[in-house]
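In what follows, every heavy atom counts, from backbone to side chain, and hydrogens, waters and symmetry copies are set aside.
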Number of protein chains: 2
Amino acid sequence: MELIKPYKKSFDYSYTLGAFPTIELIKGNAEIVKAVYLHSSFTDREAILQLCKNNQIPVLENDKLFHKISDKENCFVIGVFSKYEDHLNSDKPHIVLVNPSNMGNLGTIIRTAVGMGIYDIALITPCADLFHPKTIRSSMGAVFKIRHQHFPSFHEYRKNNMKHDVYTFMLNGSKTLEIQNCPKSQLFSLVFGNEATGLDDSFLEVGTSILIPQSPDVDSLNITIAVGIASFLFTHQ
Amino acid sequence: MELIKPYKKSFDYSYTLGAFPTIELIKGNAEIVKAVYLHSSFTDREAILQLCKNNQIPVLENDKLFHKISDKENCFVIGVFSKYEDHLNSDKPHIVLVNPSNMGNLGTIIRTAVGMGIYDIALITPCADLFHPKTIRSSMGAVFKIRHQHFPSFHEYRKNNMKHDVYTFMLNGSKTLEIQNCPKSQLFSLVFGNEATGLDDSFLEVGTSILIPQSPDVDSLNITIAVGIASFLFTHQ
């Protein structure tokens with residue numbers, strides 16, 4: 001193992017902080033795990049030691065590492081893994097995130113998508129770092145359950161995924177989403193914009209634009225909530 | 001004005017950080033606003049100066065204050081207001097949060113509730129601080145659009161709100177929520193538990209317990225997502 005440093009986006013490896021996401025990492029993608037660090041005060045070792053043994057993952061101790069890598073005091077397990085890029089499954093529903101900027105939101109969206117049975121997430125760059133420990137934490141490890149693929153533009157995404165019915169979620173969407181009228185589609189892409197700016201008007205033309213109805217007393221819904229409502233309705237027709 | 005200090009929960013006043021929540025504060029509850037501070041480098045003053053003038057709110061400048069009160073660098077407006085407690089409207093739908101612990105989640109839930117047209121929020125103590133600047137920020141000022149009331153127990157809440165149909169959201173809920181079978185109720189209480197522990201089994205008995213269906217690949221949905229899906233379905237029958 002090389003020397004472990006505080007995480008930077010430019011690294012080709014990253015960290016899971018905490019036992020829960022580390023176990024999700026090993027269960028999901030054991031072959032990318034380089035090592036697992038256990039703090040000397042971590043007691044509940046049996047399950048994770050067995051998992052590491054079964055997958056031939058080195059288990060190390062280095063208490064000094066923990067305060068260097070984690071900003072939380074209650075972190076007693078660190079997983080070190082190599083970053084990777086997937087290809088989306090073009091026969092499955094997708095969520096497409098255009099320039100998501102907040103790591104906590106990105107993690108929550110991934111957790112929500114997996115909760116709704118959507119396992120393919122397209123990320124249009126620039127976007128928040130999928131493998132930042134903060135994103136991983138807020139995903140509760142669900143980031144290791146999905147296929148993800150980065151694209152430089154929505155156009156590039158679409159060129160590679162032509163079969164999907166595209167639904168863009170916009171405050172000026174032409175169709176107001178109701179329980180009774182939610183589109184029935186076997187193969188859909190649900191497209192969401194940046195937290196501050198949403199999707200620009202060019203997205204009115206790329207599929208069916210949808211407004212999630214909301215009271216005039218809010219400016220908009222949080223993007224994670226929009227993804228939650230939309231993905232629940234589209235997957236429960 | 002007394003001397004302004006970094007916020008503590010024990011204060012009888014709190015702060016809005018940023019122009020947007022401060023404007024929402026003044027529009028919603030002008031009578032509780034004690035003062036508005038503008039940073040000398042804040043340029044877009046016209047709207048907020050007019051609002052303060054119309055409501056006889058003192059406008060002050062004190063640049064040193066900003067780094068004392070706010071941890072964000074891009075904060076140029078601070079509102080100072082007296083905390084308050086409401087009474088819930090017993091003829092309107094409620095959201096009941098049992099021991100919510102995270103201020104960001106609490107703010108997002110309030111924003112979501114207002115977005116869905118639910119304006120009455122019961123908080124069962126202990127709970128996250130509704131008036132912490134972080135809660136206010138993540139609510140995008142929606143905290144000033146709701147009626148809120150704290151109760152020492154769900155029992156106390158229920159004693160004061162007997163007319164509502166109660167729905168408790170639990171991973172072991174007896175009814176699985178689907179679009180087709182969402183209960184139709186004119187007057188409902190949607191009850192959600194703490195982020196880490198959920199609702200304990202005693203809540204299986206207080207109304208209809210509901211499971212939001214989710215894939216086995218997640219431990220649970222984030223509480224904000226559960227509130228978003230449930231409140232959308234219950235308000236769009």
Side-chain angles (χ1 to χ4, degrees), chain A residues 20-21 23-24 27-28 74 102 104-105 107-119 137-146 171 176-182 184 195-196 212-237, chain B residues 20-21 23-24 27-28 74 102 104-105 107-119 138-146 171 176-182 184 195-196 211-237:
Chain A
F20 190 85
I23 289 171
E24 296 294 299
K27 286 184 177 170
N74 60 350
N102 181 285
N105 285 346
T108 300
I109 288 170
I110 291 167
R111 178 180 174 192
T112 304
V114 170
M116 296 300 142
I118 301 175
Y119 293 90
R137 180 188 279 139
S138 79
S139 88
M140 294 289 278
V143 66
F144 302 115
K145 306 279 176 73
I146 63 163
L171 289 174
T176 300
L177 186 66
E178 296 290 349
I179 287 177
Q180 298 78 10
N181 73 0
C182 180
K184 290 176 175 52
E195 290 89 339
I212 300 177
Q214 48 203 261
S215 84
D217 286 322
V218 292
D219 209 42
S220 68
L221 297 173
N222 182 289
I223 183 177
T224 63
I225 303 297
V227 173
I229 293 170
S231 59
F232 184 86
L233 290 189
F234 273 79
T235 58
H236 287 82
Q237 292 299 314
Chain B
F20 189 87
I23 289 170
E24 295 295 297
K27 286 183 175 170
N74 59 351
N102 180 285
N105 285 345
T108 300
I109 288 170
I110 291 167
R111 179 180 173 190
T112 304
V114 170
M116 296 300 141
I118 301 174
Y119 293 90
S138 79
S139 87
M140 294 288 279
V143 66
F144 302 115
K145 306 279 176 72
I146 63 163
L171 289 174
T176 300
L177 186 66
E178 296 291 349
I179 287 176
Q180 298 79 8
N181 73 0
C182 180
K184 290 176 174 52
E195 290 89 340
L211 163 71
I212 299 176
Q214 48 202 261
S215 84
D217 285 323
V218 294
D219 209 43
S220 67
L221 296 173
N222 181 290
I223 183 177
T224 63
I225 304 297
V227 173
I229 292 169
S231 59
F232 185 86
L233 290 189
F234 273 79
T235 56
H236 287 82
Q237 293 299 313

Practice prompt. Answer with side chain, backbone, both or neither: which region of S220(B) has an atom nearer than 4.5 Å to a non-hydrogen atom of chain A?
Written response: both
Discussion item. Show the nearest heavy-atom pair for residues V114(B) and S215(A), with the distance to one decimal.
Written reply: O-OG, 2.7 Å
Item to complete: For each of D217(B), V218(B), T224(B), T112(B), tally heavy-atom pairs with chain A at distances under 4.5 Å, and name the one with the top tally.
Response: D217(B)
Practice prompt. Sort D219(A) into side chain, backbone, both or neither according to what part of it lies under 4.5 angstrom from a heavy atom of chain B.
Written response: side chain
Worksheet item: Quick one: of E24(B), Q214(B), M140(B), who has the most non-hydrogen atom pairs under 4.5 Å with chain A?
Response: Q214(B)
Fill in: Heavy-atom check, side chain of I229(B) versus side chain of M116(A), under 4.5 Å
yes
Fill in: Engaged part of P216(B) at the chain A interface, taking heavy atoms whose separation is under 4.5 Å
neither
Worksheet item: Quick one: does I179(B)'s side chain get under 4.5 Å of F232(A)'s, heavy atoms only?
Response: yes
Worksheet entry | Residue L233(B) versus chain A: region with a heavy atom under 4.5 Å | both
Worksheet, complete the sentence: So the side chain to side chain donor-acceptor pair (under 3.5 Å) pairs with at least one residue in residues 226-237 of chain A (sequence neighbours excluded) are K184(A)-Q237(A)
Worksheet item: When rounded to the nearest 0.5 angstrom, what is the spacing between CD1 in I225(A) and CD1 in I109(B)?
Response: 8.0 Å
Worksheet item: Taking Q180(A), R111(A), K145(A) one by one, which has the highest count of heavy-atom pairs under 4.5 Å against chain B?
Response: R111(A)
Response to the item:
Residue set satisfying ring pair (Phe, Tyr, Trp, His ring centres under 6.0 Å) with F234(B), at least two apart, ordered chain then number -> Y167(B), F188(B)
